[in-house]
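Order of the sequence lines sets the chain letters (A, B, ...), proteins ahead of strands, with each chain counted from 1.
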There are 2 protein chains.
Amino acid sequence: MADGAAGPAPGPAPGPAPRRRRTAPDGAKGRARRRDVIAAATELYGEVGYRSASLREVAARAGLSHPGLLHHFGTKEALLLAVLEQRDEDDTVAFVEGRRGVAALAGMVDIVERNTHRPAIVELFCVLSAEATAPDHPAHDWFRRRYETVLAFAADAYRAAAEDGHLRAGVEPEDAARRLVALMDGLQVQFLYDRAGTDMVARLRDELRAELTVPLP
Amino acid sequence: MADGAAGPAPGPAPGPAPRRRRTAPDGAKGRARRRDVIAAATELYGEVGYRSASLREVAARAGLSHPGLLHHFGTKEALLLAVLEQRDEDDTVAFVEGRRGVAALAGMVDIVERNTHRPAIVELFCVLSAEATAPDHPAHDWFRRRYETVLAFAADAYRAAAEDGHLRAGVEPEDAARRLVALMDGLQVQFLYDRAGTDMVARLRDELRAELTVPLP
DNA sequence: CCTACCGATCGGTAGG
DNA sequence: CCTACCGATCGGTAGG
């Protein structure tokens, strides 16, 4: 993961020295600035999406001018990709952590549990993943790949659970993966409209209890 | 339903005759115009959301100028509410149709089946429902109520199924309703990223097969 | 990293 | 229902 969401990207092209680096290794101060800007963008993208979020508003929340922001990220699109890259890094740690079968499925529930207390992340994914269904959206390919990756991870987990004799007869790993991921996404929407009334973790555990022959840890 | 999504609305206020009606009863020609504009807006909102959709682009697709559009709808927000009202009318017919229990659940699957062939509607709901999670979004209350209504409808259906002896032991109607609606929403997102690989109807039937003691019609 | 500016586009109005 | 226009805001650049 942490690939950076491909796309041809206009690129530096041959010519004089590149005027602007897209990942400024300015040292500690620059890295802290970038971190603050990415945090502000994550928040605002979750509130109004990428398209409606202005560089000026992101910059103001991070405490600098919008040309100052562009000094660090180059273009609006590069900022979006930086936000997504950051998400990749954070999640990969929680995700890939060598778990398999039922433990891997429990790990997915853990991520949802964690997100219950980080609504900004829930908003970010909910709003961006919907906005980016448009094929020309700059995050479209990133989300398409993300779904491929997550669905494959879940299907592997179900397959391993079956090998361990922990999956009920008739539960197809690939179909169950589609349902589980859909359930996670749909519960996030309900959660954002009614936080008190939507127990995402409990509903996921309902689903897994019906599919598995062993209780979740 | 078909309430029009409340909100205080600046309103006409006392004073001289209102200069502009928000629902122009211009006769057949006006009604046809309004229909075309609503269709164009439905399409564009599904592509880029409400906030990023310009009145000029909607108007161009409907074949009139943007002040022409505003003659019919008054404000950008009024156009959005007209689109949602139209959705209410269309769905109420398919929905409330006096079915109960397992037949009502089957009716929800039928709606998804129908939407498989109307991707513009899927996009509209997917994109708008995510965008409108922001509390200050003009469609926020409409979606909040819609979820309440749909969740209550599904819970009623599960309860009736239980009365009929068609629900497996241990399936809680309200929890199952949350899961079913989440599944519908989440599958729509997967569908928009991978139409060929996402069989929404089959995955919903998987879920209902695990919950019911009788097969779906 | 700032101020100042650019051309483009936005929702809405004037006036007919 | 149109043309023409308004003030505001957009992403990005110049220049320092």
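Two residues, A:Leu64 and B:Tyr50, neighbour DNA chain C, and the one matched to the more 5' nucleotide by heavy-atom proximity is A:Leu64.
Both cation-pi conditions hold for A:Arg195 and A:Phe191: the charged atom is under 6.0 angstrom from the six-membered ring centre and inside a 45 degree cone around its axis.
In this entry the distance linking CG of A:Asp36 with C1' of C:dC1 reads 15 Å, nearest Å. Between the C1' atom of C:dG11 and the CG atom of B:Leu69 lies a distance of 11 Å, rounded to the nearest Å. Nucleotide D:dA14 holds its C1' atom 13 Å from the CG atom of A:Leu70, rounded to whole Å. Atom CD of A:Glu77 and atom C1' of D:dC10 are 16 Å apart (whole Å). The interatomic distance linking B:Arg51 (CZ) with C:dG11 (P) rounds to 13 Å, in whole Å. Straight-line distance from the NZ atom of A:Lys76 to the P atom of D:dT13: 15 Å, rounded to whole Å. Rounded to whole Å, atom P of C:dG11 lies 4 Å from atom CG of B:Leu55.
Across every strand in view, C:dC6 sits in a pair with D:dG11 that passes the Watson-Crick or G-U test at under 3.5 angstrom. Across all strands shown, D:dG16 pairs with C:dC1; the Watson-Crick or G-U wobble distances both stay below 3.5 Å.
For B:Ser65, a side-chain nitrogen or oxygen approaches OP1 or OP2 of D:dC2 to under 4.0 Å. Contact check, B:Ser54 against C:dC10: a side-chain N or O comes under 4.0 Å of OP1 or OP2.
Of the charged side-chain nitrogens involved, at least one lies within less than 4.0 Å of a carboxylate oxygen, so that A:Asp206 and A:Arg203 count as a salt-bridged pair. Remark: A:Arg178 engages B:Asp194 in a salt bridge, criterion side-chain N to carboxylate O under 4.0 Å.
Side-chain contact of A:Glu172 with A:Tyr158: a donor-acceptor pair under 3.5 Å is absent, judged by distance alone.
When heavy atoms are screened at a 4.0 angstrom cut-off, B:Ala53 is found touching the sugar-phosphate backbone but no base atom. Using a 4.0 Å heavy-atom criterion, one finds that B:Arg56 contacts the bases of the nucleic acid, with or without backbone contacts as well.
Each of C:dA4, C:dC1, D:dC1 was ranked by its minimum atom distance to the side chain of A:His71; first place goes to C:dC1. In this structure, of D:dA14, C:dC1, C:dG12, it is D:dA14 that holds the atom nearest to the side chain of A:Pro67. Candidate nucleotides C:dC1, D:dG12, C:dC10 were compared by shortest atom distance to the side chain of A:His66, and D:dG12 ranks first. The nucleotide whose nearest atom lies closest to any side-chain atom of A:His72 is, among D:dC2, C:dC1, D:dG12, C:dC1.
In this structure, the ring of A:His140 has its center less than 6.0 angstrom from the ring center of B:Tyr193.
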